[in-house]
Amino acid sequence: MTAAIPKAELHVHLEGTASPDLVRRLADRHGRTLPADLFDGSGAFHWRDFLHFLEVYDLASSVIRTSEDYRDVTYDYLSRCAAENVVYVELMSSPDHALAAGMSYQGHLDGIAQGIEDARAAFGIEGFIVVTCVRHFGVERAHAVADAVLRHPHPLVVGFGMGGDEAGYRPGQFAGVFAKLHEAGLKCTVHAGEFDGPEAIREALETLPVERLGHGVRAIEDAGLVAELAAREIVLELCPTSNIATGLYADYGAHPWPALKAAGCRVTLSSDDPPYFDTSVGAEYDHAARHFGLDRDELRDITRVSIEAGFAPAATRQAILARAGF
Ligand code: ADE
Ligand code: ZN
């Protein structure tokens, strides 16, 4: 339905792109046995709710153990994106997951960069890296990730972000982490207002140098905040299918994407953790067409906004826009 439309994605967790099939192959590569209940009867990842999802995600990610594995996960995802006419992807990397699997920051970065370069050579798709810390691993770990980023600058690392469980960790606790990366020239985004409410978004905007928000959907509960997001041109990395899968909204009809757009917010479409939520960038565009009533020009406009709000260098973004016909 939307196959011919050029697409872009700002919000996807690299470890969260690995399909059950790839996770099984990587487990075999390393002679590891995965617990049978990691998968359901149809072979999909099996999880019950958001916190269980984070556990299953950590377990599945633990089979990504070498630079070659990271290269393969990256290349596999970007090749699937290219098949859906996706021209630009920002991948969130997680040095904490790499470390838990026994890898250095540099080792995992080298693998991801190789996957991006191989995919660019094969398909012309452009990928960049937004390094993330995990909120519920705590402030000290977040500083350690930030320090690794500062010690190993890389042209494909263009941004910094933070995912994980919002409960119990306020954005302001991470102000020092974000400040030093921002000072070093990285652009910043943060998951906020996914499970926590509008006050978490307000705190993120007040304490962190972010120009985008991961999700941010719960801003819809505070009209004043929605107006502020629109006025400040904060880009919302919206992931409708993810929010429905994790139980935030009952269905697409209940999702605030159209209301945020109507209120003047800069909204985009992303898949978040595609095999866990049975989605893809193309599927998100299809759902937006079907459920939010977006026509071809409006879908193209999402791609334009996404590339313009991307963290890649300006000249690169201009070149991608031109190549995609904008
Ligand atoms: N890590 C992977 N997926 C995530 C999500 N949807 N929210 C927060 N952290 C995540
Ligand atoms: Zn996310």
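None of the values given here were measured: they were computed from a predicted structure. Read the numbers this way: they start at 1 and go in the same order the structure lists the ligands and their atoms.
- Among the backbone and side-chain atoms of C239, no N/O/S atom is found under 2.8 Å from the Zn ion (ligand 2).
- Remark: R212 is positioned above the aromatic ring of F311, its terminal NZ or CZ atom under 6.0 angstrom from the ring centre and at most 45 degrees off the axis.
- When hydrogens are left out, the protein atom nearest atom 6 (N) of ligand 1 is D272 OD2, 2.8 Å; that is the closest non-hydrogen contact.
- The shell of residues lying under 4.0 angstrom from ligand 1, judged by heavy atoms, excludes F195.
- In this structure, G16 falls outside the shell of residues with a heavy atom less than 4.0 angstrom from ligand 1.
- Residue, atom and distance of the protein heavy atom nearest to atom 9 (N) of ligand 1 are G164 N, 2.8 Å.
- Remark: at the Zn ion (ligand 2), atom NE2 from H11 and atom OD1 from D272 enclose 80°, rounded to the nearest 10 degrees.
- Vertex the Zn ion (ligand 2); arms to H13 atom NE2 and H191 atom NE2; angle 100° (nearest 10°).
- For atom 4 (C) of ligand 1, the nearest non-hydrogen atom of the protein is H13 NE2, 3.6 Å.
- Of the possible polar contacts, none joining the R218 side chain to the E194 backbone as a donor-acceptor pair under 3.5 Å is found.
- Ligand 1 has no nitrogen or oxygen under 3.5 angstrom from a nitrogen or oxygen of F277.
- Protein heavy atom in closest approach to atom 3 (N) of ligand 1: D273 OD2, 2.7 Å.
- Here D21 pairs with R25 under the salt bridge (charged side-chain N to carboxylate O under 4.0 Å, His left out) rule; sequence neighbours left out.
- For residue H215, no N/O/S atom approaches the Zn ion (ligand 2) to within less than 2.8 Å.
- Considering backbone and side-chain atoms alike, Y57 places every N or O at 3.5 Å or more from each N or O of ligand 1.
- Put simply, E194 stays out of reach of the Zn ion (ligand 2), with no N, O or S atom under 2.8 Å from it.
- Numbered from 1 in the order shown, with element, the atoms of ligand 1 that lie under 4.0 Å from a heavy atom of G163 read 9 (N).
- Heavy-atom contacts from other residues, nucleotides or ligands closer than 6.0 Å to NZ of K187 number more than 12.
- Side-chain polar atoms of S61 and D58 form no donor-acceptor pair below 3.5 angstrom.
- Taking every heavy atom of E194 and a limit of under 4.0 angstrom, the matching atoms of ligand 1 come to 5 (C), 6 (N), 7 (N), 8 (C).
- Checking H152 against Q106 by side-chain atom types alone, a donor-acceptor pair falls below 3.5 Å.
- Under a cutoff of 6.0 Å and an axis angle of 45°, R120 and F123 do not form a cation-pi pair.
- Near H191, with a cut-off below 4.0 Å to any heavy atom, the atoms of ligand 1 are 7 (N), 8 (C).
- Residue pairs meeting the ring-ring contact (aromatic ring centres under 6.0 Å, His included) criterion with at least one partner in residues 21-42, sequence neighbours excluded, are F39-F45.
- Contact between Y276 and ligand 1 is absent, with no heavy atom of the residue lying under 4.0 Å from the ligand.
- A distance of 5.5 Å separates CG of D96 from CZ of F137, quoted to the nearest 0.5 Å.
- Between the side chains of Y77 and S19, no donor-acceptor pair of N or O atoms lies under 3.5 Å.
- Proximity of a side-chain donor or acceptor of E221 to a complementary backbone N or O of G197 within less than 3.5 Å is not detected.
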